[in-house]
Q: 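Provided herewith is a single structure, encoded as structure tokens, for subsequent inquiry.
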Amino acid sequence: MKIKTISRSSADYVRERSQDIHKVQRNLDPTIHPFEQGREYVRALNATKLGRMFAKPFVAGLSGHIDGVYCMTKHPHLLSSMISGSGDGEIRVWNLSEQETSWSVQAHKGMVTGVSAGVNNDQFLSCSTDKTIKIWQPSAEQGSSEPLETYLGQYSFTGLSHHRKDPLFITSGNSVELWDEQRSEPIQDFAWGADSYQTVKFNQVETNIFSSCGTDRTIVLYDLRTSKPISKMIMTLKTNAICWNPIEAYTFATANEDHNAYIFDMRNMKAARNVLKDHVSAVMDVDYSPTGQEIVTGSYDRTIRLYDAKRGHSYDVYHTKRMQRVFSVQYSMDSKFVLSGSDDGNVRIWKAHANEKLGIKDRRERTHLEYMDKLKERYGHMKEIKRIDRHRHVPVEIKRADHVKKEMLQARKNKDERRRKYDQHKQPRASERSKNIIGVSKQTSS
């Protein structure tokens with residue numbers, strides 16, 4: 001006698017890699033889900049609230065310097081290594097994973113104004129106001145407290161940047177000088193009218209291009225193949241720092257004294273591509289993330305702000321009670337962390353996204369977080385979600401300064417409108433992206 005039975009596979013009703021959670025059968029037909037948008041809105045609202053509730057950006061503070069940290073650089077090949085220089089001439093190499101100093105030396109007699117990684121993995125360069133440039137190798141056998149090479153200059157150095165592949169580096173100071181590691185004197189001198197130069201930076205994609213910021217409010221671009229400056233832009237106020245986009249060779253960002261950071265396209269510098277606002281004091285440093293999509297700025301107002309490179313306002317602001325004026329900021333090589341060096345002598349580690357969970361996440365958790373992010377993106381324009389997502393607690397001094405700044409800008413705008421109302425020859429309104437640019441000039445061939 002044969003008896004027919006129903007045979008089922010457990011894969012039909014049990015989720016993969018789980019023996020206790022049953023599959024949820026879903027029909028995605030919108031006609032049978034009339035309340036889908038309402039449910040998704042509530043989920044997006046709850047996800048936004050939880051994101052702000054669990055936003056804890058501060059990771060650790062690295063103490064060791066006894067003076068302000070005025071320059072930093074990340075190592076291009078070692079993910080967990082970072083180099084910092086302080087006002088007393090000390091240089092420290094930090095192990096970020098262990099949150100401790102791996103190597104330190106009293107490198108200079110004056111303030112360290114620039115550090116840059118060399119061509120070799122374990123070498124880096126430093127410059128100072130004591131008119132010296134030194135090459136260091138912490139793993140050297142002959143004693144890592146002594147430099148491999150020392151170069152003497154005629155004037156104090158204010159900035160340093162190394163070529164990505166060749167043994168060349170540039171310095172700023174009384175002039176912009178190109179050096180070869182095999183020679184004791186600069187092999188080329190660049191000058192275009194400025195009394196002195198604030199900083200220099202090599203382009204890491206188009207390696208023959210580099211730029212400088214002068215004390216005469218100029219930003220100058222150079223090309224090693226032409227052996228002379230190629231273009232110059234004059235701003236209304238001085239530029240403190242410059243950074244090239246690591247993905248787009250023609251894009252760079254600048255930190256300016258007018259409380260803004262600007263993104264420029266070197267092919268057309270008559271107007272900025274974007275203006276990054278929200279700071280209430282001079283922006284001292286700027287850095288791109290390795291993905292080229294985000295920007296971090298450090299300011300004299302004792303805050304750090306993070307921006308989407310395509311938007312004009314910051315999506316987050318970081319500060320602590322004890323952090324003083326921020327002079328240097330850097331993204332880590334994995335884009336997950338931000339490093340800041342301030343006047344109080346501390347190097348601080350922050351998360352690039354305040355509510356991001358650190359550590360290992362399984363597949364279900366990653367899927368859930370991605371779903372919540374998509375919901376917040378879809379309903380981000382809603383009034384309540386936008387209000388919660390944009391709300392930040394800032395110190396009273398910054399809030400008061402921001403209120404005063406907005407009043408001043410509005411008064412300036414009203415005055416300009418009244419002047420235009422009674423002006424017979426009405427000039428076109430200057431756009432926000434071009435009004436702070438006085439002029440752009442090209443170097444004529446001799």
Side-chain angles (χ1 to χ4, degrees), residues 26 28-58 259-263 272-281 283 289 291 293-297 299 301 303-320 335 338 350-357 365-414 417 429 431-433:
R26 290 189 177 92
L28 301 180
D29 186 3
T31 58
I32 61 176
H33 296 287
F35 302 108
E36 179 184 7
Q37 287 189 350
R39 286 196 299 269
E40 285 189 345
Y41 171 77
V42 173
R43 290 173 184 171
L45 182 63
N46 291 337
T48 306
K49 291 179 179 178
L50 289 174
R52 295 309 310 147
M53 185 183 301
F54 293 110
K56 296 181 179 179
F58 182 72
H259 309 177
N260 297 332
Y262 298 89
I263 300 176
R273 291 182 61 180
N274 200 1
V275 182
L276 309 180
K277 299 190 172 185
D278 288 342
H279 279 296
V280 296
S281 189
V283 184
S289 68
T291 61
Q293 301 297 318
E294 296 173 339
I295 292 176
V296 61
T297 58
S299 174
D301 61 8
T303 63
I304 302 166
R305 289 189 180 269
L306 295 101
Y307 298 84
D308 186 335
K310 298 180 181 179
R311 299 180 181 272
H313 293 277
S314 60
Y315 66 81
D316 218 334
V317 53
Y318 297 161
H319 59 89
T320 64
S335 297
V338 170
W350 313 80
K351 289 191 285 187
H353 298 278
N355 58 351
E356 183 179 6
K357 179 183 176 181
E365 186 175 7
R366 289 198 306 270
T367 304
H368 172 72
L369 293 176
E370 291 172 2
Y371 174 61
M372 291 294 111
D373 290 338
K374 286 296 181 182
L375 285 181
K376 289 191 287 186
E377 181 181 344
R378 180 179 180 182
Y379 294 94
H381 65 281
M382 304 296 288
K383 183 178 179 181
E384 187 68 12
I385 294 179
K386 183 189 294 186
R387 182 188 65 82
I388 296 173
D389 190 45
R390 294 178 58 184
H391 180 71
R392 296 291 184 277
H393 289 287
V394 295
V396 178
E397 297 83 3
I398 296 176
K399 193 171 183 179
R400 188 182 299 118
D402 183 58
H403 179 70
V404 173
K405 180 182 175 182
K406 287 179 179 178
E407 281 191 350
M408 293 172 62
L409 293 176
Q410 186 62 38
R412 204 173 295 170
K413 183 178 179 181
N414 294 341
E417 288 297 326
R429 291 186 179 89
S431 66
E432 192 70 20
R433 299 186 178 189

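All values below come from the heavy atoms of this structure, side chains included, with hydrogens, waters and symmetry mates left out.
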Q: What heavy-atom pair brings Ile385 and Ala44 nearest, and what distance separates the two atoms?
A: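 In this case the closest contact between Ile385 and Ala44 is CD1-CB, 3.9 Å.
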Q: Given Asp402, which partner from the list Lys406, Lys399, Arg400 fulfils the salt bridge (Lys or Arg N to Asp or Glu O under 4.0 Å) test?
A: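 For Asp402, the salt bridge (Lys or Arg N to Asp or Glu O under 4.0 Å) test succeeds with only one of Lys406, Lys399, Arg400, which is Lys406.
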Q: Where the side chain of Asp308 meets the backbone of Tyr315, is there a donor-acceptor pair that is under 3.5 Å apart?
A: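 Side chain of Asp308 to backbone of Tyr315, a donor-acceptor pair under 3.5 Å: no, none is there.
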Q: Could you check whether any side-chain N or O of Asp301 sits under 3.5 Å from a backbone N or O of Val280, counting only pairs where one atom can act as donor and the other as acceptor?
A: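 Answer holds: yes.
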Q: For the side chain of Tyr318 and the backbone of Lys351, is there at least one donor-acceptor N/O pair under 3.5 Å apart?
A: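 Looks like yes, one N/O pair under 3.5 Å.
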Q: Within the distance-only criterion (no hydrogens, no angle test), does the side chain of Arg305 pair as donor or acceptor with the backbone N or O of Val317 below 3.5 angstrom?
A: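 Such a contact is absent between Arg305 side chain and Val317 backbone.
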Q: Could you note down all residue pairs passing ring-ring contact (aromatic ring centres under 6.0 Å, His included) where residues 377-399 supplies at least one of them, sequence neighbours left out?
A: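 Passing the test, one end in residues 377-399: His391-His393.
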Q: For Lys405, enumerate each residue passing the salt bridge (Lys or Arg N to Asp or Glu O under 4.0 Å) test, keeping only those at least two apart in sequence or located in another chain.
A: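 Partners of Lys405 under the salt bridge (Lys or Arg N to Asp or Glu O under 4.0 Å) test: none.
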Q: Looking at residues at least two apart in the chain, or sitting in another chain, which of them share a salt bridge (Lys or Arg N to Asp or Glu O under 4.0 Å) with Lys374?
A: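 Here the qualifying residues are Glu377.
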Q: Please identify each residue that fulfils ring-ring contact (aromatic ring centres under 6.0 Å, His included) with Tyr371, with sequence neighbours left out.
A: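 For Tyr371, no residue satisfies ring-ring contact (aromatic ring centres under 6.0 Å, His included) once neighbours in sequence are set aside.
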Q: Decide yes or no on salt bridge (charged side-chain N to carboxylate O under 4.0 Å, His left out) for Glu384 and Arg387, but give the supporting numbers first.
A: CA-CA 5 Å; Glu384 187 68 12; Arg387 182 188 65 82; 2.7 Å; yes
Q: Excluding sequence neighbours, so at least two apart, what forms salt bridge (Lys or Arg N to Asp or Glu O under 4.0 Å) with Asp278?
A: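 Not a single residue meets the salt bridge (Lys or Arg N to Asp or Glu O under 4.0 Å) criterion with Asp278.
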Q: Sequence neighbours left out, what passes salt bridge (Lys or Arg N to Asp or Glu O under 4.0 Å) with Arg429? Give chain and number order.
A: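 With neighbours one apart ignored, the set is Glu417.
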